[in-house]
2 protein chains.
Amino acid sequence: MKDSIWTRERKATSPRETLSRKQIVAAAMDILDTEGVSGLSMRKLAAKLVAGATSIYWYVDTKDDLIDLLIDEVWGEIDVPEPELAGWRAGALLFGHSLRSAVLRHPWLPEVMYTRPSIGPNAMSMGSRGLVLFGAAGFSEHEIDLAMGSVMSYVLGTVSAEVATREMVRKSGRSEENWVSEILEQAQSVASDYPEMQKSVRRRTAMDLDAGLTENFVFGLDALLDGLESRVKK
Amino acid sequence: MKDSIWTRERKATSPRETLSRKQIVAAAMDILDTEGVSGLSMRKLAAKLVAGATSIYWYVDTKDDLIDLLIDEVWGEIDVPEPELAGWRAGALLFGHSLRSAVLRHPWLPEVMYTRPSIGPNAMSMGSRGLVLFGAAGFSEHEIDLAMGSVMSYVLGTVSAEVATREMVRKSGRSEENWVSEILEQAQSVASDYPEMQKSVRRRTAMDLDAGLTENFVFGLDALLDGLESRVKK
DNA sequence: GACGATCTCGTACAGTGTGCGAGCCCTTTG
DNA sequence: CAAAGGGCTCGCACACTGTACGAGATCGTC
């Protein structure tokens with residue numbers, strides 16, 4: 001077994017003031033959260049750390065490896081309730097919300113998440129706790145995997161689309177209302193041949209953005225959990 | 001309303017042999033499908049078209065706009081059954097499968113899809129037909145949006161994760177069996193502290209990859225549709 | 001034949017990830 | 001105390017990116 005990113009970590013044995021993987025990850029996370037994926041360059045990151053551009057490469061083999069680290073950092077923020085506390089269903093709901101808000105806190109995640117599998121330690125820990133939670137529902141061993149996977153996929157898929165919308169608003173620099181009216185205009189002109197779509201866009205833009213997105217999320221998650229629950233009772 | 005990418009299309013009025021947006025999109029699609037996002041550069045694309053690197057910019061303002069075009073091209077491949085043919089539920093299932101297989105045909109999609117909203121003409125057409133389909137189920141106007149959105153999010157989320165796995169296999173260059181055993185090894189070593197996860201990984205790698213991923217997809221979609229269906233009958 | 005529109009493309013610029021190797025500092029060994 | 005060696009930093013260089021700019025080619029129309 002050749003050592004992976006996760007196992008091979010340099011440690012400073014000297015008291016000299018030195019960089020560390022922790023610092024690097026923290027600084028990179030900061031850039032990512034505020035400026036997005038395109039805002040993260042090795043040179044900028046190094047500048048933020050008051051270091052030479054290539055010094056980072058002592059701690060991390062490639063930029064991609066760094067991003068793996070950052071992704072796993074996010075998985076570390078998810079909390080997965082233990083089933084004893086509130087039961088399976090409530091736990092799954094909480095898990096979903098925790099996952100969603102973590103992604104909203106780190107809106108760069110969808111852009112990079114789907115290009116690699118997550119096998120870092122935090123991902124493993126989250127997965128493990130998730131399996132315990134879903135295991136308490138009474139699924140068969142095989143269905144535990146399927147159920148947890150479908151919930152995670154739904155949540156991540158939904159919130160990824162949500163992020164796309166929200167980032168659009170943010171990048172436009174305009175206020176939310178202005179943006180809504182603009183996108184309405186744009187969508188209308190493209191969708192003029194499709195009255196159903198036109199009406200749907202109007203419906204969506206008529207309501208509060210935050211509330212709408214949240215309702216969206218909850219509606220589907222609830223439905224999915226209903227469907228899953230019915231699969232266990234037999 | 002300032003003209004958008006969708007409305008502003010150059011048309012060759014001269015018989016002279018000239019580039020066209022259609023050619024460009026087709027060539028770019030080819031590169032994307034075979035080499036992925038990182039394989040698409042304006043220079044390489046131009047070379048494939050036997051043209052100067054910057055000639056493309058006559059038809060397309062930026063690379064990002066080109067990608068918008070390409071994404072919409074994919075939405076054009078989705079078929080959405082009319083509800084009269086097979087009913088709502090069967091139609092939704094078909095829609096889901098069509099969506100999934102389109103993404104599997106264009107595995108670069110998840111990487112770019114979540115960085116922008118889809119408001120091209122094909123997206124609108126797909127959305128419109130989707131709304132008709134879900135409308136036939138008997139939801140309220142508002143719930144139609146929610147239901148369709150949740151199904152699309154589930155499908156795209158699931159298949160995006162699926163693509164991440166599949167691309168990993170492809171990029172490793174190794175055969176599927178070799179990769180499976182390797183990832184097992186890697187995951188095991190990281191997950192050694194998490195027995196549930198270790199067992200789950202073993203379960204997944206024990207079965208056929210294709211079959212497993214498909215079962216995964218169908219299981220969740222079915223559960224979600226169950227949950228949605230129960231919301232309409234009251 | 002002249003003009004304006006359409007279209008192509010060479011050059012250039014600022015930026016990217018990162019391989020390489022020179023050099024600094026600190027600890028350990030003799 | 002000196003020498004050796006490992007841990008760590010960083011300047012330089014390379015190949016590559018997206019694309020702004022402006023000069024030129026080719027066309028239809030007057």
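Chain naming here is simple, since letters A, B, ... match the order of the sequence lines and numbering starts at 1 in each.
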How would you list, by chain and number, every residue that makes a side-chain contact (heavy atoms from CB on, under 4.5 Å) with A:Ile67, sequence neighbours excluded?
->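 Counting only residues at least two positions away or on another chain, A:Ile67 forms a side-chain contact (heavy atoms from CB on, under 4.5 Å) with A:Ile71, A:Val112, A:Arg116.
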Non-neighbouring partners of A:Leu109 that pass side-chain contact (heavy atoms from CB on, under 4.5 Å), sequence neighbours left out |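 Only A:Val74, A:Trp75, A:Met113 meet the side-chain contact (heavy atoms from CB on, under 4.5 Å) criterion with A:Leu109.
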Could you list the residues that satisfy salt bridge (Lys or Arg N to Asp or Glu O under 4.0 Å) with A:Arg203, not counting sequence neighbours?
-> B:Glu141, B:Asp145
In chain order, what residues pass the salt bridge (Lys or Arg N to Asp or Glu O under 4.0 Å) check against A:Glu167, with sequence neighbours excluded?
-> A:Arg170
Once you round it to whole Å, what is the distance between [atom2] of [N] and [atom1] of [X]?
X       : N      : atom1 : atom2 : answer
B:Glu35 : D:dC16 : CD    : C1'   : 15 Å
B:Asp65 : D:dA20 : CG    : C1'   : 16 Å
A:Leu49 : D:dC8  : CG    : P     : 15 Å

Look for any protein N or O under 3.5 Å of an N or O in nucleotides 18-21 of chain C and output each such pair with its distance, or none.
from, atom 1, to, atom 2, distance (Å)
C:dT18, OP2, A:Tyr57, OH, 2.9
C:dT18, OP2, A:Lys63, N, 2.7
C:dT18, O5', A:Tyr57, OH, 3.4
C:dT18, O4, A:Arg43, NH1, 3.3

Please determine whether a side-chain nitrogen or oxygen atom of [X] lies at a distance below 4.0 Å from atom OP1 or OP2 of [N].
X       : N      : value
B:Tyr59 : C:dT6  : no
B:Ser41 : D:dT17 : yes
A:Trp58 : D:dC8  : yes

Counting any heavy atom closer than 4.0 Å, what does B:Leu40 reach on the DNA or RNA strands: base, sugar-phosphate only, or nothing?
-> sugar-phosphate
So which nucleotide from D:dC8, C:dC7, C:dC9 ends up closest to the side chain of A:Thr18?
->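 Looking only at heavy atoms from C-beta outward on A:Thr18, the closest nucleotide is D:dC8.
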State which residues pass side-chain hydrogen bond (donor to acceptor under 3.5 Å, both in side chains) with B:Thr115; sequence neighbours excluded, sorted by chain then number.
->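 Partners of B:Thr115 under the side-chain hydrogen bond (donor to acceptor under 3.5 Å, both in side chains) test: none.
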Determine the interplanar angle of the A:Phe217 and A:His97 rings, folded into 0 to 90°, and report it as parallel if under 30°, tilted if 30 to 60°, perpendicular if over 60°.
->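 Plane angle over 60°, so perpendicular.
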